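Every heavy atom of this structure was used, including side-chain atoms; hydrogens, water molecules and symmetry mates were not. Because the structure is predicted, anything quoted here is derived from the model rather than measured. Just so we're on the same page: letters track the sequence lines, and every chain starts at 1.
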Number of protein chains: 2
Amino acid sequence: MASQPKYQRRKEDRPREIADAAFEAFAEKGYAATRIDDVAKRAGISKGLTYLYYKTKEDLFKAVVKNVVVRRVDALLADVESTELSSEAFIRGPMLDFMKRVPGSPIAIVIRLLISEGRRHPDLIDYYYDNVVARGLAAISRFLERGVERGEFRPEARDLQPQLFLAPMMLSMIWRLVFTDKPLDTDRLMENQIDLLLTRIKA
Amino acid sequence: MASQPKYQRRKEDRPREIADAAFEAFAEKGYAATRIDDVAKRAGISKGLTYLYYKTKEDLFKAVVKNVVVRRVDALLADVESTELSSEAFIRGPMLDFMKRVPGSPIAIVIRLLISEGRRHPDLIDYYYDNVVARGLAAISRFLERGVERGEFRPEARDLQPQLFLAPMMLSMIWRLVFTDKPLDTDRLMENQIDLLLTRIKA
DNA sequence: CTCTTTACTGACCCATGAGTCATTAATTAT
DNA sequence: ATAATTAATGACTCATGGGTCAGTAAAGAG
């Protein structure tokens, strides 16, 4: 009867596994209510091991945010910028789809964490702003610019605040985070906003 | 040398004083990081007294949310509904002013608390929804209806989701809560949105 | 097969903070 | 005045959970 080993040493994979487990836990309970012991259990390891890879709970928190963010934003932006559609078709198609997806995605959960815990981690806020918000806003601005150059948008499109595109997405996110069971057709909300904006800027 | 009393008994005022102190503390540190002892100090009383009026920290939390909300919303809605302006003038005037004020007001702080802690207090969420969100949305709907009846708005105005008015306010709130120091002309954001909506619905 | 290294465990420590309660003293009743 | 009532205190308890570390065993070297 060959006794199987009590554990395997997997130096390479542990950090990501722990961060994933922590993300799950934070998503469910929030930062403060999450116990390191619980994270460890989810990752299938002992509590002590967590501290080998992350010196404090705060370190772990930061790793989680950066992980989730980095893994997604790059892919998304690249994907979004590589289309050959007309400006209007692009907005009503891929961009709208993207906006509809975000409120139900892990990004929404990261945002909740930032809203609740962000003030105690200013460097995290900066990181998130630089790597997500600023890049997203810049992408929208570039897109509007391109539309004007192509003659698809009126020059006034350049003066539109990119946040006008994101506002209903934001409201949808918060709505779903807070009022999970209250009805709201968030898809229609975003469609309507896109419609408002397009009729304003279309050439 | 008449020794002054060590304290005064003020059964009537304590609950509100404690709730106010707790609101301050929650606003600064968030729910989890706030110590009952700190609340007591702010209120100028002993920790034990807090427990005479609020059985648990959670009770106190609920009282805070209800307090802040109730004290403001009634006044605001009444004020907002008692104007004799034309629909457009009303939107561009009092309503826009109101929207500009909210992101910097205590309401924003309550919303942060609800986003962070709400899931553990479903009855609070319901309370807030019924007393703030639903009433606000209903007010906007009534207002649109009135505009149509008066011939100031096109009938399609009835189909507008009221949330379209609130979306940029929401984004502004979150922006200010999270990215305190990053620039964003939130006032212009709301003006632009109102403008978009008005050109769509004006008769 | 033995030795060294180190990933990993789990029992432990201890600061913290929610909640309690015996005691004190301000107020009210008589 | 004196007694009865109860608002208010503050020292206490006790569970909790972040963080530590001595010891264990898996992997790799020679």
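- In plain terms, the two heavy atoms of R120(B) and A33(A) that are nearest each other are NH1-CB, 3.8 Å.
- D37(B) contributes atom CG, which lies 12.0 Å from atom OG1 of T34(B) (distance to the nearest 0.5 angstrom).
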Set out, line by line, the N/O atom pairs under 3.5 Å between protein and nucleotides 4-6 of chain C.
{"unit_1": "dT6(C)", "atom_1": "O2", "unit_2": "R9(A)", "atom_2": "NH2", "d": "2.1"}

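- Put simply, CG on D13(A) is 13 Å from C1' on dA7(C), counting in whole angstrom units.
- In the interface, the side chain of K47(A) is paired with the base of dG19(D) through a donor and an acceptor atom under 3.5 Å apart.
- When heavy atoms are screened at a 4.0 angstrom cut-off, Y54(B) is found touching no nucleic acid atom at all.
- Heavy atoms of I36(A) sit under 4.0 angstrom from primed sugar atoms or phosphate atoms, though from no base atom.
- By the 30° and 60° cut-offs, the orientation of the rings of F26(A) relative to Y31(A) is tilted.
- Taking for each of Y7(B) and E58(B) the nucleotide of DNA chain C with the nearest heavy atom, the 5'-most of the two is the partner of E58(B).
- In this entry the distance linking CZ of R10(A) with P of dC8(C) reads 8 Å, nearest Å.
- In this structure, Q8(A) places its CD atom 11 Å from P of dG28(D), rounding to the nearest Å.
- In R16(A), the CZ atom is not crowded: 12 or fewer heavy atoms of neighbouring residues, nucleotides or ligands sit closer than 6.0 Å.
- Taking the side chain of S46(A) as heavy atoms from C-beta on, and the options dA8(D), dG19(D), dC8(C), the nearest nucleotide is dC8(C).
- Interatomic distance, CG of L49(A) versus CD1 of I18(A), reported as 5.0 Å (0.5 Å rounding).
- No N or O donor and acceptor, one from the side chain of K6(B) and one from the base of dA8(D), sit under 3.5 Å apart.
- The listed nucleotides are dA27(D), dT9(D), dG19(C); the one nearest the side chain of I45(B) is dT9(D).
- Between F90(B) and F143(B), the ring planes lie tilted relative to each other; the angle falls in the 30° to 60° range.
- Going from atom OH of Y53(B) over to atom C1' of dA18(C) covers 20 Å, rounded to whole Å.
- Protein atom CZ of F61(B) is 19 Å distant from nucleotide atom C1' of dG19(C), rounded to whole Å.
- I174(B) is not listed as a side-chain neighbour of M173(A), based on a closest heavy-atom distance of 4.5 Å or more.
- With rounding to the nearest 0.5 angstrom, the CD1 atom of I140(B) is 4.5 Å from the CE atom of M95(B).
- Picking from dC8(C), dT9(D), dT20(C) the nucleotide with the shortest atom distance to the side chain of Y51(B) gives dT20(C).
- In this entry the distance linking NZ of K41(A) with P of dC8(C) reads 18 Å, nearest Å.
- Rounded to whole Å, the distance from CG on D59(B) to P on dA18(C) is 14 Å.
- Between the P atom of dA8(D) and the CD atom of E12(B) lies a distance of 10 Å, rounded to the nearest Å.
- Using a 4.0 Å heavy-atom criterion, one finds that T50(B) contacts no nucleic acid atom at all.
- Between R35(A) and dG18(D) there is a side-chain polar atom (N or O) within less than 4.0 angstrom of OP1 or OP2.
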